[in-house]
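What follows is one structure encoded as structure tokens, with my remarks underneath.
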Number of protein chains: 2
Amino acid sequence: MTIIDRKLREKQEMRSAILEAAKDLFAEDGFQNVSIRKIAEKIEYSPATIYLYFKDKDAILFDLHNEGFRKLFTHQRDRAKVKDPVQRLRGLLEGYLEFALDEPEYYDLMFMLFTPLPKVIKTAEWRFGRRAFRMLTKTVSECQALGLFKGTRTEAAALGLWSSVHGLASLLIRQRASMLPDNEQVAFAREALDMFNGHLLALPA
Amino acid sequence: MTIIDRKLREKQEMRSAILEAAKDLFAEDGFQNVSIRKIAEKIEYSPATIYLYFKDKDAILFDLHNEGFRKLFTHQRDRAKVKDPVQRLRGLLEGYLEFALDEPEYYDLMFMLFTPLPKVIKTAEWRFGRRAFRMLTKTVSECQALGLFKGTRTEAAALGLWSSVHGLASLLIRQRASMLPDNEQVAFAREALDMFNGHLLALPA
DNA sequence: ACCTTTAGTAAACAGTGTTCAGAAAGCCGT
DNA sequence: ACGGCTTTCTGAACACTGTTTACTAAAGGT
């Protein structure tokens with residue numbers, strides 16, 4: 001009993017080691033520039049070994065992708081508990097942007113990377129994304145009960161709000177906002193988000 | 001005179017042929033999956049020949065990138081002429097989203113692709129992006145003169161508006177909005193944009 | 001006709017993801 | 001302690017990738 005127990009644990013440890021190495025290399029060199037061989041070298045095993053633990057390179061990606069969502073949920077946990085839905089929504093949006101800027105590598109791979117991920121996202125595996133979106137729609141729906149987002153379907157409003165912060169995050173991460181001075185981009189992004197919050201989350205008098 | 005004229009023309013024709021082939025293949029298979037060899041095969045030349053006309057693969061990318069901006073400017077030309085700045089801004093935002101959804105391949109490579117493009121964007125070569133952003137800030141500034149976007153710096157407001165439509169476009173293109181039914185995603189995106197237009201572009205009474 | 005410049009290419013280099021036959025190691029029953 | 005069995009690992013190969021270099025073939029100028 002203990003022996004196959006240990007084997008299982010070792011198998012899990014190997015998986016973790018690979019993921020850890022992949023994550024570190026990714027943070028340094030960007031995902032495209034991390035090869036299986038480099039990961040193998042880092043964990044001091046042969047490249048072929050990695051394929052005993054992961055179907056292919058995208059499987060590693062997908063595991064990191066899920067870890068990213070776990071991080072995001074942890075990051076947003078407290079904000080999600082706020083009673084007042086308007087304050088909660090505001091906090092969630094600000095927290096989301098914060099997460100994106102704090103963990104650009106994870107954010108990139110969760111919401112911006114191409115690769116075969118889109119195919120996976122279409123499947124049932126894509127639990128986390130749906131869960132996160134449901135959390136948002138629920139809050140938006142509560143806000144609508146208070147009179148916000150009138151004349152807009154809940155899903156459309158949720159998509160719009162999400163898009164705004166995602167837009168800010170992705171333009172900054174992919175360096176498309178370089179017409180603005182480097183050291184001010186984040187400040188401008190925060191100010192833009194404040195603008196949204198001010199106009200969209202203003203309760204009708 | 002005519003002879004070096006012809007040589008120059010032939011050189012230009014070759015460049016165009018490469019770009020055309022690259023663009024077609026890109027639209028079919030996605031940029032990452034187009035190899036120099038495939039482009040070479042399509043134009044019936046050896047792979048090495050391509051390097052006589054382009055420094056490297058990214059140079060091809062950058063040319064297509066510029067062509068994309070030309071397309072975008074053409075697309076937005078009429079909308080940019082509208083007198084009323086609020087109506088103009090509304091039109092520009094809607095036109096931008098329309099462009100992104102009509103030409104997802106170009107949009108992808110202009111605003112979402114990673115690669116060494118970000119490095120290039122930092123340089124003076126990045127004329128088009130700055131020009132497009134200036135056009136937007138100018139319109140936003142005129143809107144502010146009418147009382148819109150109070151308490152927000154012009155650049156922040158412009159960044160925010162741009163981010164909103166970019167967010168919608170990029171989530172749809174990278175298939176991150178798949179929690180919404182496929183055939184409704186575009187409708188939801190349009191509705192979200194209408195929501196922004198309604199709330200942000202509502203003139204103070 | 002000869003020489004120079006240009007255009008094009010085959011072959012190679014170093015890298016990639018992935019597979020597979022076979023070596024090495026660990027576990028088990030005797 | 002020893003074979004035999006199973007799991008774990010790897011070297012080598014395959015088919016790709018972007019890119020460079022030495023070379024050939026053609027065209028232009030004189």
Side-chain angles (χ1 to χ4, degrees), chain A residues 1-19 21-23 25-26 28-65 109 113-117 119-120, chain B residues 1-19 21-23 25-26 28-65 109 113-117 119-120:
Chain A
M1 204 43 169
T2 49
I3 190 155
I4 63 162
D5 236 38
R6 196 206 65 206
K7 287 242 169 186
L8 239 92
R9 199 187 59 225
E10 281 177 355
K11 194 142 195 154
Q12 192 49 51
E13 275 168 9
M14 190 69 176
R15 276 185 70 93
S16 302
I18 294 170
L19 286 173
K23 195 199 70 189
L25 289 172
F26 175 39
E28 284 172 38
D29 307 331
F31 204 88
Q32 307 281 8
N33 304 320
V34 176
S35 69
I36 296 286
R37 280 171 178 82
K38 278 186 200 154
I39 299 172
E41 196 180 351
K42 181 137 188 165
I43 60 169
E44 296 177 299
Y45 280 82
S46 95
T49 302
I50 288 176
Y51 288 86
L52 300 176
Y53 296 88
F54 293 93
K55 186 183 145 289
D56 54 26
K57 200 184 175 185
D58 285 317
I60 302 176
L61 194 72
F62 189 64
D63 260 47
L64 287 174
H65 174 271
L109 136 187
L113 212 65
F114 204 55
T115 73
L117 267 187
K119 281 168 195 161
V120 166
Chain B
M1 205 42 169
T2 50
I3 192 154
I4 65 164
D5 236 37
R6 194 206 69 206
K7 285 242 168 185
L8 240 92
R9 199 186 59 227
E10 279 177 358
K11 196 141 194 156
Q12 192 47 53
E13 276 167 9
M14 190 70 175
R15 276 185 71 92
S16 302
I18 294 170
L19 286 172
K23 196 199 70 191
L25 289 172
F26 176 39
E28 282 171 39
D29 306 331
F31 204 87
Q32 307 279 12
N33 304 320
V34 176
S35 69
I36 296 287
R37 281 173 179 80
K38 278 186 200 154
I39 299 172
E41 198 181 351
K42 183 137 186 165
I43 60 167
E44 296 178 299
Y45 279 82
S46 95
T49 302
I50 289 176
Y51 288 85
L52 300 176
Y53 296 88
F54 293 92
K55 185 183 146 289
D56 54 27
K57 200 185 175 185
D58 284 317
I60 302 175
L61 193 73
F62 189 64
D63 260 47
L64 287 174
H65 174 272
L109 129 191
L113 212 64
F114 203 55
T115 72
L117 265 187
K119 281 168 196 162
V120 165

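Naming convention: chains lettered A, B, ... in sequence-line order (proteins, then strands); numbering from 1 in each chain.
Residue A/E41 qualifies as open at atom CD: its count of foreign heavy atoms under 6.0 Å is 12 or below. Atom CD of A/E44 has 12 or fewer heavy atoms from other residues, nucleotides or ligands within 6.0 Å.
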* Asked: Would B/I60 and B/I36 count as a side chain to side chain contact (heavy atoms under 4.5 Å, CB included) if you check the C-alpha gap in whole Å, the side-chain angles of each, and the deciding distance to 0.1 Å?
  -> CA-CA 10 Å; B/I60 302 175; B/I36 296 287; 4.3 Å; yes
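Within the nucleic acid shown, A/F54 has no heavy atom closer than 4.0 Å to any nucleic acid atom.
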Taking N or O atoms only and anything under 3.5 Å, show me the protein contacts with nucleotides 10-12 of chain D, one pair per line.
unit_1, atom_1, unit_2, atom_2, d
D/dT10, OP2, A/S46, N, 2.9
D/dT10, OP2, A/T49, OG1, 2.6

Strictly under 3.5 Å: I want the nitrogen or oxygen pairs between protein and nucleotides 22-25 of chain C, one per line.
none

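For the atom pair NZ of B/K11 and OG of B/S16, the computed distance is 13.0 Å after rounding to the nearest 0.5 Å. We find the CZ-OH distance between A/R15 and A/Y53 to be 10.5 Å, quoted to the nearest 0.5 Å. Atom CG of B/L109 and atom NE2 of B/H65 lie 6.5 Å apart (nearest 0.5 Å).
The closest donor-acceptor contact from the side chain of A/D58 to the backbone of A/L61 lies at 3.5 Å or more, if one exists at all. Not one N or O on the side chain of B/K38 forms a donor-acceptor pair closer than 3.5 Å with the backbone of B/A22.
One finds no side-chain N or O of B/Y51 lying less than 4.0 angstrom from the OP1 or OP2 phosphate oxygen of C/dG8. Taking side-chain N and O atoms only, B/K11 has a distance below 4.0 Å to OP1 or OP2 of C/dA7.
Counting to the nearest Å, the C1' atom of C/dT5 and the CG atom of B/L8 are 16 Å from each other. The separation between A/N33 atom CG and C/dG17 atom C1' is 15 Å, rounded to whole Å. Put simply, CD1 on B/I36 is 14 Å from P on C/dT9, counting in whole angstrom units. We find that NZ of B/K55 is positioned 13 Å from C1' of D/dT20, with the value rounded to whole Å. One can place NZ of B/K57 at 12 Å from C1' of C/dT16, the figure rounded to the nearest angstrom. Between the NZ atom of A/K38 and the P atom of C/dG15 there is a distance of 9 Å, given to the nearest Å. What separates CD1 of B/I39 from C1' of D/dG18 is a distance of 11 Å, to the nearest Å. Rounding to whole angstrom units, CD of residue A/E10 and C1' of C/dC27 are separated by 12 Å.
Nearest approach of A/A40 to A/I50, heavy atoms of both residues: N-CD1, 3.7 Å.
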